Colleague: 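Mind having a look at this structure? Questions to follow.
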There are 2 protein chains.
Amino acid sequence: MATSLAEENYLKIIYRLSENTDLGVSTNAVAELAQTKAASVTDMLQKLAEKGWVIYQKYQGVRLTPTGQKIALSIIRKHRLWEVFLVEKLGYNWDEVHEIAEQLEHIESDSLIQKLDEFLGFPDRDPHGDPIPTRDGKMADQIYQPLSEIKEKKDCVLMGVAKDAAIFLQVLTKLNLNLGVKITIVEINSFDRSLQIQVNGAAPIFVSHEVAKNILVKA
Amino acid sequence: MATSLAEENYLKIIYRLSENTDLGVSTNAVAELAQTKAASVTDMLQKLAEKGWVIYQKYQGVRLTPTGQKIALSIIRKHRLWEVFLVEKLGYNWDEVHEIAEQLEHIESDSLIQKLDEFLGFPDRDPHGDPIPTRDGKMADQIYQPLSEIKEKKDCVLMGVAKDAAIFLQVLTKLNLNLGVKITIVEINSFDRSLQIQVNGAAPIFVSHEVAKNILVKA
DNA sequence: ATAAATTTTTAGACGAGACTAAAAAATAAT
DNA sequence: ATTATTTTTTAGTCTCGTCTAAAAATTTAT
Ligand SMILES: [Mn+2]
Ligand SMILES: [Mn+2]
Ligand SMILES: [Mn+2]
Ligand SMILES: [Mn+2]
């Protein structure tokens, strides 16, 4: 069945909110991400339920059906492949691509994504370190951990981010915190949990716990 | 002012219908290309007129304002650049790209088109030989002529097509009539104006006048 | 010049997707 | 166990872009 742009965006949002929980997703949570009102969300959830893409019961929240999940994953796959294209081929920075990919992810053509994937060398991570779902709808687990969970004196490598808002990415760029850099934790300030770190062995800098939470690293 | 997908498509259609005439474009002509009804076209023309993109007077047809023309040309620019991308970078055939470009042409990002243009090496023709409008909205003239106007015994080179419907392009491909081939006119049959031609010096084949009209060549 | 045919516009309706205001249900506080 | 608060749903309205049916204007034919 055909999916409208609005439907695709709702499914993607529901998918995102489902990732960290087994409970149904609340109407208000969807409304916030969709930048719309709760009443509009209720309307849409009823439509999505009729199409068989979500399980929805009044006041009980919503969850994706296997079909709904499949659709969401295919949109996410397109989004992330386009992000790779924009960064790798067109020379964008990682903080500039999300909004454009939000548009490109809705282009409908199986062969296009197939060929794009090939053109890009079948990448398995996007420019923010997020796994790219496979063609048959399987997404690798996020295997990296937040920098905030690494112990003092340890080394690690920046593999991704847990948030791709431009404003956050620009901060990282300004601090030379790019994909692949080596991070050494010099000290963790116990009172506000901020970190003193070295980036590729350079002079130590400070980052807040909030920032560290959203930086994904491998030991 | 922002343009909706529907508005962009209407402006593009009006542009196309204006190319070969100085008269206003008729409601019915637009309706046919838009695959919609005349009543819907009338509605839209009134909206476009309010936005200052067309001059519209009841029963008098419609024509683009300079602003409207600018918008139309920017959509056509995007369409053709994406077509180049699909053929040159992703390996599509020229008969497969039009529908996908119809979607991609509506992606909104100045920097994206800028970077895409650069990535493609600033092409000035799309895979069908059509000129790509420049960033500041100038479109080169179509300098090629229909094969149907070439004299007997003359040689020419296939530079483009006047129609990019997949069904037509597939016929050309089947006859080895690809961009850049040398065509020699062996004979013109006077009774139905069909042509006997050689493609790159191979054994002669027949093409109808209808086909010849839509093949663009340079002598 | 009048009638017939065609084209175009208007009038009224509809679905998608959003909104506001108000009602209902679920949660939290006393 | 009642209130009070928050969340969610319903009811009614709006805009966009489309449709059909009918009216009006234009063009063509007689
Ligand atoms: Mn993104
Ligand atoms: Mn991403
Ligand atoms: Mn095309
Ligand atoms: Mn083309």
Side-chain angles (χ1 to χ4, degrees), chain A residues 1-15 17-18 21-64 68 71-72 75 102-103 105-106 108, chain B residues 1-15 17-18 21-64 68 71-72 75 102-103 105-106 108:
Chain A
M1 207 182 322
T3 50
S4 73
L5 191 141
E7 288 166 347
E8 291 184 355
N9 282 332
Y10 274 100
L11 291 174
K12 206 174 41 144
I13 287 168
I14 297 167
Y15 180 92
L17 292 170
S18 304
T21 172
D22 281 329
L23 280 68
V25 168
S26 83
T27 302
N28 262 356
V30 173
E32 185 173 350
L33 284 195
Q35 301 198 83
T36 184
K37 298 298 156 72
S40 310
V41 173
T42 301
D43 282 351
M44 182 57 92
L45 295 185
Q46 287 165 353
K47 284 179 205 161
L48 294 177
E50 286 206 359
K51 297 203 171 190
W53 297 332
V54 302
I55 303 294
Y56 168 71
Q57 280 170 290
K58 282 190 194 181
Y59 300 101
Q60 298 309 119
V62 69
R63 59 190 74 222
L64 295 174
I71 297 170
I75 306 296
E102 284 291 306
Q103 296 181 61
E105 71 189 5
H106 301 290
E108 190 199 299
Chain B
M1 206 185 319
T3 50
S4 73
L5 191 141
E7 288 166 345
E8 292 185 355
N9 283 331
Y10 274 99
L11 291 174
K12 206 175 40 144
I13 286 168
I14 298 166
Y15 181 91
L17 292 170
S18 303
T21 173
D22 281 330
L23 281 66
V25 168
S26 82
T27 302
N28 263 355
V30 174
E32 186 174 349
L33 285 195
Q35 301 197 87
T36 182
K37 296 298 156 70
S40 310
V41 174
T42 301
D43 282 351
M44 182 56 91
L45 295 185
Q46 288 166 351
K47 283 178 207 161
L48 295 176
E50 285 205 1
K51 296 203 171 190
W53 297 331
V54 302
I55 304 294
Y56 168 70
Q57 281 170 288
K58 282 190 194 180
Y59 300 101
Q60 298 308 120
V62 68
R63 61 189 74 224
L64 294 174
I71 297 170
I75 306 297
E102 285 291 307
Q103 295 181 61
E105 72 189 4
H106 302 290
E108 191 199 299

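Here the structure is a predicted model, which is why all the values come from computation and not from measurement. The figures here come from the full heavy-atom set of this structure, side chains too, leaving out hydrogens, waters and symmetry mates. Throughout, a chain's letter reflects where its sequence line sits, starting with A, and its residues are numbered from 1.
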Colleague: With heavy-atom distances below 4.5 Å as the criterion, would you say the side chains of B/Leu48 and B/Tyr56 are in contact?
Modeller: no
Colleague: When we call it a touch if two heavy atoms are under 4.0 Å apart, what does B/Thr36 touch: a base, just sugar-phosphate, or nothing?
Modeller: sugar-phosphate
Colleague: On DNA chain C, nearest-nucleotide positions of A/Ala39 versus A/Glu7: which is more 5'?
Modeller: A/Glu7
Colleague: Whole angstroms only, please: what is the CD-P distance between A/Gln60 and C/dA26?
Modeller: 7 Å
Colleague: Applying side-chain hydrogen bond (donor to acceptor under 3.5 Å, both in side chains) between A/Thr3 and each of A/Glu108, A/Lys51, A/His106, A/Glu8, report the one that passes.
Modeller: A/Glu8
Colleague: For B/Gln57, I'd like to know if atom CD has over 12 heavy atoms of other residues, nucleotides or ligands within 6.0 Å.
Modeller: no
Colleague: Base, sugar-phosphate or nothing for A/Thr27? Non-hydrogen atoms, less than 4.0 Å.
Modeller: sugar-phosphate
Colleague: Can A/Leu64 and A/Tyr15 be said to form a side-chain contact (heavy atoms from CB on, under 4.5 Å), step by step?
Modeller: CA-CA 7 Å; A/Leu64 295 174; A/Tyr15 180 92; 3.7 Å; yes
Colleague: How close or far is atom P of C/dA16 from atom CE of A/Met1, stated in whole angstroms?
Modeller: 12 Å
Colleague: Starting at CD of A/Gln46 and ending at C1' of C/dG17, how long is that distance when rounded to a whole Å?
Modeller: 13 Å
Colleague: Find out whether B/Trp53 and B/Val62 are in side-chain contact, i.e. whether some heavy atom of one side chain is under 4.5 Å from a heavy atom of the other.
Modeller: no
Colleague: Quickly work out the A/Leu11 CG to C/dG17 P distance and round it to whole Å.
Modeller: 11 Å
Colleague: Can you tell me the distance, in whole Å, between the NZ atom of B/Lys37 and the P atom of C/dT6?
Modeller: 18 Å
Colleague: When you list every nucleotide of DNA chain D with an atom under 4.0 Å from a heavy atom of chain A, which one comes first 5' to 3', and which comes last?
Modeller: D/dT7 to D/dT10
Colleague: Between B/Lys58 and C/dT10, is there a side-chain N or O to OP1/OP2 distance below 4.0 Å?
Modeller: yes
Colleague: Between C/dT27 atom P and A/Leu23 atom CG, what is the distance in whole Å?
Modeller: 11 Å
Colleague: Are more than 12 heavy atoms, taken from residues, nucleotides or ligands other than B/Glu32, located less than 6.0 Å from that residue's CD atom?
Modeller: no
Colleague: Write down the distance between CG (B/Asn28) and P (C/dT7), rounded to a whole number of angstrom.
Modeller: 6 Å
Colleague: Would you say a side-chain N or O of A/Tyr10 is under 4.0 Å from OP1 or OP2 of C/dA18?
Modeller: yes
Colleague: Is any side-chain heavy atom of A/Asn9 closer than 4.5 Å to a side-chain heavy atom of A/Ile75?
Modeller: no
